[in-house]
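Reviewing the structure listed below.
Naming convention: chains lettered A, B, ... in sequence-line order (proteins, then strands); numbering from 1 in each chain.
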Amino acid sequence: MSDLKRRLTGVVSAAFATCGLPPELGRVTVSDRPDLADFQCNGALAAAKAARANPRALAEQVVAQLVDDPHFSRVEIAGPGFINLTLNLDVLTERARQLAQDERCGAEVLAQPRRVVVDYGGPNVAKPMHVGHLRASIIGESIKRLFRFRGDQVWGDAHFGDWGFQMGLLILAVGDEQPQSPFMQDTDGPFPDESPVSLADLERLYPMAASRAKTDPDYRDRARRATAELQNGRKGYRALWKHFVDVSRMALEREFNALDIRFDLWNGESDADPLIPEMVSELDARGLLVADQGARIIRVARDGDKRELPPLLVVSSEGSAMYGTTDLATILDRRRKIDPDLVLYVVDQRQADHFEQVFRAAVMAEYAPQGSLEHIGFGTMNGADGKPFKTREGGVLKLHDLIEMARDKARARLHEAGLGAELSPAEFEETAHRVAVAALKFADLGNFRGTSYVFDLDRFMSFEGKTGPYLLYQSVRIKSLLRKGAEQGVTAAEITVAEPAERELALALDAFETALAEAYAKRAPNIIAEHAYRLAQTFSKFYAACPILVAEPVSLRPSRLAFATATLAQMETTLRLLGIETPDRM
RNA sequence: GCGUCCGUAGCUCAACCGGAUAGAGCACUCGCCUUCUAAGCGAGCGGUUGCAGGUUCGAGUCCUGCCGGACGCGCCA
């Protein structure tokens, strides 16, 4: 089943071809002037430019091919050569009926699915997630869902920060507090199954150790040795490290669950570590590694670069692996285990240069084909001052606290509005939670990912305007309507498009596939968010203009109800692609 | 210094391969609840798209320069 835009593009392209014009110019888009037409084609202008001809004359030729086409009730030329297309009502009605029947709400399935890894979230052992993780998680989750929904086989990987110097710091800190701990004994074990540290311990010890390492060179050296011993396989350290990972991961998963973010893989930096020695020798054998200032690097600069890109540091002067090393090894690891066609790195825009270095090195090493690695960068979440978001005290706000703030606000707003009074306490909490998550996610995904945005909880949490709560409200209103319809025994039947508001709603429903295709191509969830809002607003207009359960004559009711059912289904599908779940009541 | 991104309504943001009258939301003004959730709907107000050139029939979009801002630039990730 194809959406109208694609179908009409086929029709108009054929007309272009008949006129001896390039068929690809027959591309049809939704009209910029809904007052004039439903769809338009600007191809005559482009054709005229290429052929140095009169655009209106070309448009007239094309239109002559289209005027009798049953898809259209009107085909007109406007301005310098725009072709305006107004749909035949029967065509729109037929499409609306298809949409209402379709399990996928009008979304198509990719003809050629790919294997895709989405690397996002980036949580770290022992470090609580903060607002910086929010965007990576929200955007990555949405992109993962979008790719999967379109038909790709997708792995969402948390890319857990579980290796390196930070682990040495933690081991050292635990050892200083618990010198008698069996984990500190350099033996073959066995070691306790019980973790010697709680999450609270980790959150206390890590910042302490990290700051001490900055000022105390001896401490830093001991931590480095501990890191090296861990990586060399000291049994007690390994066992202790496993506890760090497990304790952290459990806490992080709780956090992610609260945001409806689910990973398929929790591969960490440690998983790539075993590959590093062979990778280094292989890179060396290929002649890619160069000794420089005591380190071993890969030069990735190219002629024609506007400026010299620094080399990728593979082995530091101290002989250790750097984060670029781990990233490169991870590419190799994924190729062996998954063999993806595409890997998307949903990471802060500020790391663009780093990924450019790694990707170039990976292509040079033939670990990944050109173009199969993409950095999906995003801007920062800023405070009211336009600078990256900080708490009032100037510290970093923990994600957990942020969510709690949002939930508090949601509860307050619900109470203010006198909503949810009839809900049980548990249902009320669930609703408040969903409102909070919807507000945070929609505020984030409503903007193009590349731009930074200003965090303003009051604005996000408003139930009016372009917000998550507004979208939930519209969905809930439809659910309420459908419940009432069921009680009254009204059943949905075939849609008939008649009223202007119905026509507009049918067109809005049809636009779903176009929005998904564009969001997919640009890796831009804001396009899905935009569609959700447009759909909600168009439905609301329909709701105001067209009575449903009380429509007269009663024969209108089944069609109107079918519109409502189809809208709800598509709305929930759309919101789910943004990672937003709707409550049943509010 | 070099590089990347950005500058659109009072505020927060959109704008499909260069196309018509640059769109939304908030705020502000007016209208609409004895019909399905008014957390809604309708109407209005609001713009020299940072500045100056250039390419084009046509530029927020492409090119050049300038002004202003954010970020990045080898052993942290």
Generate the contact string for nucleotides 72-77 of chain B. Rules: B means base contact, S means sugar-phosphate contact only, - means no protein heavy atom under 4.0 Å. SSBBSB

Summary of protein contacts for nucleotides 54-59 of chain B, nucleotide by nucleotide, where a base hit scores B, a sugar-phosphate-only hit scores S (4.0 Å, heavy atoms): --SBB-

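The pair A:Asp510-A:Lys5 does not count as a salt bridge, with every side-chain nitrogen at least 4.0 angstrom from each carboxylate oxygen. The existence of a salt bridge linking A:Arg413 and A:Glu416 is confirmed by a sub-4.0 Å separation between a basic side-chain nitrogen and an acidic carboxylate oxygen. Classification of A:Arg523 and A:Glu518 as a salt-bridged pair fails, no side-chain N sitting under 4.0 Å from a carboxylate O. With salt bridges taken as basic N to acidic carboxylate O contacts below 4.0 Å, none links A:Arg585 and A:Glu422. Salt bridge status for A:Arg222 with A:Asp216: absent, with no side-chain N to carboxylate O gap under 4.0 Å. Checked for salt-bridge contact, A:Arg302 and A:Glu308 miss the test: no charged N lies under 4.0 Å from a carboxylate O. Taking the charged nitrogens against the carboxylate oxygens, A:Asp305 and A:Arg360 do have a contact shorter than 4.0 Å, which makes a salt bridge.
As judged by a 4.0 angstrom heavy-atom cut-off over every strand, A:Gly79 is placed among residues making no nucleic acid contact. No engagement by A:Cys41 is indicated, since no non-hydrogen atom pair under 4.0 Å with the nucleic acid exists. Counting any heavy atom pair closer than 4.0 Å across all strands shown, A:Lys522 reaches sugar-phosphate atoms only and no base atom. Counting any heavy atom pair closer than 4.0 Å across all strands shown, A:Asp327 reaches no nucleic acid atom.
No N or O donor and acceptor, one from the side chain of A:Asn42 and one from the base of B:rC17, sit under 3.5 Å apart. In terms of polar N and O atoms assigned as donor or acceptor, the side chain of A:Gln40 comes within less than 3.5 Å of the base of B:rA20 in a complementary pairing. One cannot find a donor-acceptor pair under 3.5 Å joining the base of B:rA15 and the side-chain atoms of A:Asn526.
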Pairs: protein N or O with nucleotides 9-12 of chain B N or O, under 3.5 Å:
unit_1: B:rU12; atom_1: O2'; unit_2: A:Arg459; atom_2: NH1; d: 3.1
unit_1: B:rU12; atom_1: O2'; unit_2: A:Arg459; atom_2: NH2; d: 2.9

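Straight-line distance from the CD1 atom of A:Ile527 to the P atom of B:rC13: 18 Å, rounded to whole Å. Note: CG (A:Leu25) to C1' (B:rG19) measures 14 Å, nearest angstrom. If you measure from atom OH of A:Tyr543 to atom P of B:rG42, you get 15 Å, rounded to the nearest angstrom. For A:Phe448 and B:rG7, the CZ to C1' distance is 16 Å, given to the nearest whole Å. A:Leu445 has its CG atom 15 Å from the P atom of B:rC13, to the nearest Å. As a whole-Å value, the separation of A:Asp444 CG from B:rC13 C1' is 13 Å. Atom CZ in A:Arg534 sits about 12 Å away from atom P in B:rA15, given to the nearest Å. Put simply, CZ on A:Phe442 is 11 Å from C1' on B:rA14, counting in whole angstrom units.
Scanning both residues, A:Leu36 and A:Arg74, for their nearest heavy atoms gives O-NH2, 3.2 Å. Residue A:Leu25 comes nearest to A:Ala46 through the heavy atom pair CD2-CB, 3.8 Å, listed as atom of the first residue, atom of the second, then distance. Closest heavy-atom contact between A:Ala48 and A:Asn54: CB-C, 4.1 Å. Smallest separation of non-hydrogen atoms from A:Leu312 and A:Ala361: CD2-CB, 3.8 Å.
Among A:Glu504, A:Arg560, A:Arg503, A:Glu499, the one residue that satisfies the side-chain contact (heavy atoms from CB on, under 4.5 Å) test with A:Phe542 is A:Arg560. Between A:Val314 and the options A:Val290, A:Leu289, A:Ile297, a side-chain contact (heavy atoms from CB on, under 4.5 Å) holds for only A:Leu289.
Between A:Ser540 and the phosphate of B:rC41, there is a side-chain N or O to OP1/OP2 separation shorter than 4.0 Å. Look at A:Tyr470 and you'll find a side-chain N or O under 4.0 angstrom from OP1 or OP2 of B:rC41. OP1 or OP2 of B:rG42 sits under 4.0 Å from a side-chain N or O of A:Lys541.
Look at the C1' atom in both B:rA9 and B:rG60: the space between them is 14 Å, to the nearest Å. Annotation: B:rU29 and B:rG46 have their P atoms spaced 16 Å apart (nearest Å). Across the P atoms, B:rU49 and B:rU8 are found 12 Å apart, a figure rounded to whole Å. Of the P atoms belonging to B:rC2 and B:rU61, the separation is 25 Å, rounded to the nearest Å. A gap of 15 Å separates the C1' atoms of B:rG47 and B:rC11, to the nearest Å.
Taking the six-membered ring wherever Trp is involved, the centroid distance between the rings of A:Phe563 and A:Tyr543 does not fall below 6.0 Å.
Under the stacking criterion of a centre-to-centre distance below 5.5 angstrom and an interplanar angle below 30°, A:Phe82 sits stacked against the six-membered ring of B:rA20.
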Could you walk me through whether A:Asp584 and A:Arg434 pass salt bridge (Lys or Arg N to Asp or Glu O under 4.0 Å), step by step? CA-CA 11 Å; A:Asp584 289 333; A:Arg434 289 197 173 165; 5.9 Å; no

Under the 3.5 Å Watson-Crick or G-U criterion, the dot-bracket string of RNA chain B, with | for inter-strand pairs: (((((((..((((.....[...)))).(((((.......))))).....(((((..]....))))))))))))....

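Cation-pi check for A:Arg150 over A:Tyr520 is met; the charged atom lies under 6.0 angstrom from the ring centroid and within 45 degrees of its normal.
For A:Asn84 and A:Gln474, each mapped to the nucleotide of RNA chain B holding its nearest heavy atom, the one lying further toward the 5' end belongs to A:Asn84. Between A:Thr467 and A:Pro547, the residue anchored closer to the 5' end of RNA chain B is A:Thr467, taking for each the nucleotide with the nearest heavy atom.
For residues 475-484 of chain A, proximity to RNA chain B is found at A:Val476, A:Arg477, A:Ser480, A:Leu481, A:Lys484, defined as any non-hydrogen atom under 4.0 angstrom from a strand atom.
Counting heavy atoms from C-beta on, the side chains of A:Phe160 and A:Ser248 come closer than 4.5 Å.
Counting only residues at least two apart or in different chains, ring-ring contact (aromatic ring centres under 6.0 Å, His included) contacts with residues 290-328 of chain A comprise A:Tyr323-A:His354.
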